[in-house]
Amino acid sequence: MSDATPRMELATDFLFRMEIAVAAPQVIGDMPLGDRRIGLITGGRFHGPGLNGVVLPGGADWLLTGNDGATRLDVRATLQADDGQVIGITYQGVRHAPPEVAARMAGGEAVPVGSYYMRTAIRFETGPGPHEWLNRLLAVAVGHRFPDGPIYDVYAVL
C-alpha cells in the first residue's frame, strides 16, 4: 500500500437508541487486572428508524476498571424486536472520565452528557427473519451512563 492509495472513509448510519436498566452492581473487587464489577441487566428498550423493541432481563456487563482509570465494558444481552424476533447483542468498549467526573459517577451522581469518553463495538446474532441482516453487520455506539443504567446511540458501520 502506498501513500497514493485514496483514504477510505468510515461511514455510519443511525440504527437505534438503546436504554438499559441495570441493578446495583455485584462487586467482585480487586483482581489481578483491576476492579471487577458485574452489572445485571433488568430490562430496557431500543428505538430507531425501522428497529424497535425491548431489552430483555438477564444479560450482564462484566466491568473491569484498570489502574489507568479506564473501565472496560464486556456486555452480553438479549433484545426482542417489536415483531417478536429475538436478537443477541455482544459489545465491548471503553469508558474513561477525568478524575473529578469519575468520582461523581462512582458516587451515583448524574454527570453531563459528553463529559467523558464511552464507546463500544457491537455484534449481533439472530436467526432467520426480518432482522437477520444484523448478523452481517458491525456497529459502534456512543454511550452515556446514568445512575440507573446506560444509554447508547448505535450506528451501523457501512
Residue pair Thr126 / Gln85, side-chain donor-acceptor N/O under 3.5 Å: yes
What heavy-atom pair brings [X] and [Y] nearest, and what distance separates the two atoms?
{"X": "Pro98", "Y": "Ser115", "result": "CD-O, 3.5 Å"}
{"X": "Gly108", "Y": "Pro147", "result": "O-CG, 3.3 Å"}
{"X": "Leu137", "Y": "Ala156", "result": "CD1-CB, 3.5 Å"}

Using ring-ring contact (aromatic ring centres under 6.0 Å, His included) as the criterion, list what pairs up with Phe124, not counting sequence neighbours.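 ring-ring contact (aromatic ring centres under 6.0 Å, His included) check on Phe124 returns nothing, list empty.
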What residues form a ring-ring contact (aromatic ring centres under 6.0 Å, His included) with His96, not counting sequence neighbours?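 Counting only residues at least two positions away or on another chain, His96 forms no ring-ring contact (aromatic ring centres under 6.0 Å, His included).
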Is there a side-chain contact between [X] and [Y] (heavy atoms, below 4.5 Å)?
{"X": "Val55", "Y": "Thr78", "result": "no"}
{"X": "Met118", "Y": "Leu73", "result": "yes"}
{"X": "His131", "Y": "Leu51", "result": "yes"}
{"X": "Ile122", "Y": "Val154", "result": "yes"}
{"X": "Val94", "Y": "Thr120", "result": "no"}

Which donor-acceptor pairs under 3.5 Å do side chains of residues 22-30 form with protein atoms, sequence neighbours excluded?
none

Applying salt bridge (Lys or Arg N to Asp or Glu O under 4.0 Å), which residue pairs with at least one partner in residues 88-111 are found, sequence neighbours left out? Arg104-Glu109
According to salt bridge (Lys or Arg N to Asp or Glu O under 4.0 Å), does anything in residues 71-88 pair up with another residue at least two apart or in another chain? List the pairs. Asp68-Arg72, Asp74-Arg76
Among the clusters formed by ILVMFWY side chains lying less than 4.5 Å apart, do [X] and [Y] turn up in the same one?
{"X": "Ile151", "Y": "Val113", "result": "yes"}
{"X": "Val142", "Y": "Ile89", "result": "no"}
{"X": "Val54", "Y": "Leu134", "result": "no"}
{"X": "Met18", "Y": "Trp133", "result": "yes"}
{"X": "Leu40", "Y": "Trp62", "result": "yes"}

Spacing of OG1 belonging to Thr42 relative to CG belonging to Leu56, to within rounding of 0.5 Å: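 Between Thr42 OG1 and Leu56 CG, I get 11.5 Å after rounding to 0.5 Å.
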About how many Å separate CD1 of Ile41 and CG of Asp61, when rounded to the nearest 0.5 Å?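 Atom-to-atom, Asp61:CG and Ile41:CD1 are 7.0 Å apart.
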Partner set under salt bridge (Lys or Arg N to Asp or Glu O under 4.0 Å) for Arg136, not counting sequence neighbours: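 Scan of Arg136 (salt bridge (Lys or Arg N to Asp or Glu O under 4.0 Å), adjacent residues dropped) gives none.
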With sequence neighbours excluded, residues passing salt bridge (Lys or Arg N to Asp or Glu O under 4.0 Å) with Asp35: Arg37
Hydrophobic cluster mates of [X], side-chain heavy atoms under 4.5 angstrom, ILVMFWY only, any path?
{"X": "Val157", "value": "Leu10, Phe14, Val140, Tyr155"}
{"X": "Leu138", "value": "none"}
{"X": "Leu64", "value": "Leu33"}

For residues Tyr152 and Phe16, establish whether the separation of their ring centroids is below 6.0 Å. no
Counting only heavy atoms not in Glu125, do more than 12 fall under 6.0 Å of its CD? no
Among pairs that include at least one residue of residues 44-54, which meet side-chain hydrogen bond (donor to acceptor under 3.5 Å, both in side chains), considering only residues two or more places apart or in two chains? Glu19-Arg45, Glu19-His47
Sequence-distant partners of Ala97, side-chain contact (heavy atoms from CB on, under 4.5 Å), two or more places apart: Val101, Ala102, Met105, Tyr116
His144 side chain to Val111 backbone, donor-acceptor under 3.5 Å: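 Side chain of His144 to backbone of Val111: a pair is present.
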